[in-house]
Amino acid sequence: MDMNQYLDMFIEESKEHLQAINANLLLLESDPGNIGHVKEIFRSAHTLKGMSATMGFEDMASLTHEAENVLDLIRNQKLTITSDIMDAIFQSVDLIEGMVIDITEGGDGSADVSSIVKKLRAIVAGDFSAEQEVAAATMVVEAPQEESTPAEDHELDDYAMMVLKQSQELGNNVLWIKVTLNENCLLKAARSYMVFDQLESMGEVIKTKPAVEDIENERFEQSFEIAYVTEQSIEKVRTTILNISEIQDVTIETIQLKSEAPPAPVVQQTPAPAEKGAAEAPQAPVKKAAAGGKTIRVDIERLDILMNLFSELVIDRGRLEQLAREIGKNELQETVEHMSRISGDLQNIILTMRMVPVEQVFNRFPRMIRDLQKDLNKKVNLEIIGAETELDRTVIDEIGDPLNHLLRNSLDHGIESPADRKKAGKPEEGKIELRAFHSGNHVFIEVKDDGAGINKDKVLKKALERGIVNPATADSMSDKQIHELLFAAGFSTAEVVSDISGRGVGLDVVKSKIESLGGSVGVDSVRGQGTTFLIQLPLTLSIISAMLVQVKDEKYAVPLSSIIETAVFKKDQIMMAHRQKVIDFRGRVVPLVSLQDIFQVPDNGATMEDEVAVVIVRKGEKMAGLVVDSFIGQQEIVLKSLGKYLVNVFAISGATILGDGQVALIIDCNSLIK
């Protein structure tokens, strides 16, 4: 069977299981007595092992198997969790993640697992600690061998036997099912598929006879057999299969498995009384994904194609609306209005399909914080709020690195050492809050810490040394302006380049990435109390609302997300300051930017009015007034790139096709505000 067709599914599901393992390992580390977390980790590891073995990734399967042996001892309370054991399991997960990344990039997922395998086997043998790690690495402990059992009558291989045995230990029913179809059944493959579909919703199919490929191609008579694991009763399994049409008979028997030969050595570590109590206490219910959820995986490229096709419809919709207004026939206008409503609903559905919870990005950070605080000898609690907030998949794929940078920055530069926090009258454990929330057509992500705050004197001194700030204006700078210097190109306050936060790269990289996504980032800080970074992102990058403006004979689109207000000023209201035209807008001095001058738009000889149309736009706390000839109106536009031949065009983020077929350039307001 060609496994390549299943590779994408394997990669996606592997990532999900690894994420679940990481999350539950962190919970287990904070609550070692909760066996429920161990069971969840064991289930994910067990599934991951089966998947990797099926796909032929032997290194991953063998490493996961060794980790399972350790988890099995913990699950059966034969091994007490220690920090060293947790570190060894985390190292295993890191290595498996590296293999998945290698497979994603086209590799074969092979890696040298011998060292960590020896470490895990040493734990199973009861001869492992941080001090004995070197000695443990040289030990070779043979993996427990499977015994012959009556189940061999069903021609089960070693792997299937191992899976069945472990499933039985988890308290599941281990069954051998024979399904016989009606003699006149026409679509045997379809009926067998329905049987497998029902069974997989209640448990796990371990082996089939004949092979799955033969069943799919109808290379069998009237019956097929299945080795099956489930939590459900035999009667429920039988009833479920018989409810499928064209099933003549179902026979089910329990597979008898002998108990294992000598159990693995028990590590002689007596649990503390509190831990014993925790182990005996009823376990909290573990949240499980709903079985048989009505979801389907769709390749993001297909959604991109669907979005592009719909974008063409949006353009045609605008053209039809314009023609209907010009022709003026009621029937045509009513039809076009109805089509506009339908296409609007369709647009919302397509955009919703592309929306993904930021949880996908946020979930990777608790593990990172756990490792970093150990490296830095700091105590930190990461609190995640609003992980269910949804963003466009394109944006989700891009924000991981900026958030990673900001969190590392908060932990390295923001949160003080436990001793310093104690001196300052703070709890020894610092707090970092990662929060996401919706507001209008934007999503805001906040990274907030209760650390030392920004040392503005140090920042200003560094900025002066590097020539980023003019000494003449340094004294008049506000705290906010000094804090914003952190985003200046190449700025870094680190005395020594480390691998923790900046790695010698300043926060300007974060700012550039966020702005390339049509967003903005700002910072606020109170010395001694903490620092907050606030990121603003658009909900989607595909279809945006914009204000269309006229500049001579050309049309431009200004994204509504950047606009504060549109206004008309008389020419005598325009003033000069530092050789720059400015206006007084609600008590603030706002510089004017002429789009005709910026884009060198040819003069069409039209007479100049006494009034000037201005679009007030903002970037963070800064504002500017874009001078245009007239406002056309608000419209939803499709964002199109300028292609590979027109890259880095100043102040232009893309183009759109209007209803009349004209092309309007989309203005990047961030580039025009200084």
Side-chain angles (χ1 to χ4, degrees), residues 311 315 318 511-512 515-520 538 541-571 573-583 585 589-620 622-674:
S311 298
I315 293 166
K511 185 178 183 182
S512 299
E515 289 183 353
S516 72
L517 296 171
S520 61
L541 301 180
S542 305
I543 297 176
I544 62 171
S545 296
M547 168 68 72
L548 293 178
V549 297
Q550 186 89 33
V551 180
K552 301 307 175 186
D553 291 333
E554 297 182 5
K555 294 176 182 176
Y556 292 88
V558 184
L560 279 188
S561 58
S562 297
I563 297 177
I564 298 176
E565 194 172 316
T566 57
V568 177
F569 292 87
K570 292 188 177 296
K571 285 191 175 179
Q573 291 179 287
I574 298 174
M575 301 167 282
M576 294 293 292
H578 303 290
R579 291 178 292 180
Q580 164 77 55
K581 288 184 178 180
V582 298
I583 53 172
F585 176 70
V589 176
V590 176
L592 291 180
V593 178
S594 169
L595 293 188
Q596 182 181 1
D597 293 343
I598 291 290
F599 300 123
Q600 299 177 8
V601 181
D603 200 324
N604 60 1
T607 55
M608 300 292 289
E609 300 286 340
D610 289 335
E611 295 179 328
V612 176
V614 178
V615 182
I616 309 294
V617 295
R618 69 177 167 197
K619 174 176 128 182
K622 298 178 183 178
M623 295 194 298
L626 308 184
V627 178
V628 300
D629 289 347
S630 61
F631 311 121
I632 298 173
Q634 181 182 335
Q635 187 174 319
E636 284 196 327
I637 61 171
V638 178
L639 185 62
K640 300 279 190 182
S641 73
L642 296 178
K644 59 184 178 182
Y645 297 110
L646 293 172
V647 294
N648 300 324
V649 178
F650 176 69
I652 297 296
S653 59
T656 188
I657 303 172
L658 303 177
D660 58 4
Q662 289 186 24
V663 173
L665 296 176
I666 301 168
I667 294 173
D668 177 11
C669 298
N670 289 334
S671 301
L672 297 174
I673 302 174
K674 297 177 181 177

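Counting from 1, the numbers follow the sequence of the chain as shown. The figures here come from the full heavy-atom set of this structure, side chains too, leaving out hydrogens, waters and symmetry mates.
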remark   = NZ of K555 to CG of L665, rounded to nearest 0.5 Å, is 13.0 Å
message = Evaluate V615 against V549 for side-chain contact (heavy atoms from CB on, under 4.5 Å), listing each step before the verdict.
response = CA-CA 9 Å; V615 182; V549 297; 4.1 Å; yes
query = What's the shortest heavy-atom distance between M623 and P591, and which atoms?
reply = O-CD, 3.6 Å
task = Hey, could you give me the CD1/CG distance between I673 and D668, rounded to the nearest 0.5 Å?
result = 9.0 Å
message = Treating Q550 as the side-chain partner and K552 as the backbone partner, does any N or O pair qualify as donor plus acceptor under 3.5 Å?
response = yes
inquiry  = Testing the basics here: between V614 and G625, what is the closest heavy-atom pair and its distance to 0.1 Å?
reply    = CG1-CA, 3.5 Å
remark   = Tightest non-hydrogen contact, residues F631 and V568, listed as CE1-CG2, 4.3 Å
ask   = Got L626 and I598 here, is their nearest side-chain heavy-atom distance under 4.5 Å?
value = no
request  = Look up atom CD1 in I666 and atom OG1 in T656, then write down how far apart they are to the nearest 0.5 Å.
outcome  = 5.5 Å
request  = Measure the CG-CG distance between N604 and D629 for me, rounded to the nearest 0.5 Å.
outcome  = 7.0 Å
ask   = So, for P538 and L517, which heavy atoms are closest and what is the spacing to 0.1 Å?
value = CG-O, 3.1 Å
note = SG of C669 to CD1 of I563, rounded to nearest 0.5 Å, is 7.0 Å
Student check: side-chain heavy atoms of Q573 and I583 closer than 4.5 Å = no
message = Any non-hydrogen side-chain atom of L658 less than 4.5 Å from a side-chain atom of L548?
response = yes
ask   = For V551, does its backbone N or O pair with a side-chain atom of E554 as donor and acceptor, under 3.5 Å?
value = no
key: Member of I667, V558, V593 meeting the side chain to side chain contact (heavy atoms under 4.5 Å, CB included) criterion with V617   = V558
Gap between atom CD1 of I657 and atom CD1 of I637 - 0.5 Å precision = 11.5 Å
ask   = Can you name the ring pair (Phe, Tyr, Trp, His ring centres under 6.0 Å) partners of F599, sequence neighbours left out?
value = Y556
ask   = Under a 4.5 Å cut-off applied to non-hydrogen side-chain atoms, are K581 and M576 in contact?
value = yes
query = Is a donor on one side and an acceptor on the other found under 3.5 Å between the side chain of Q635 and the backbone of A546?
reply = no
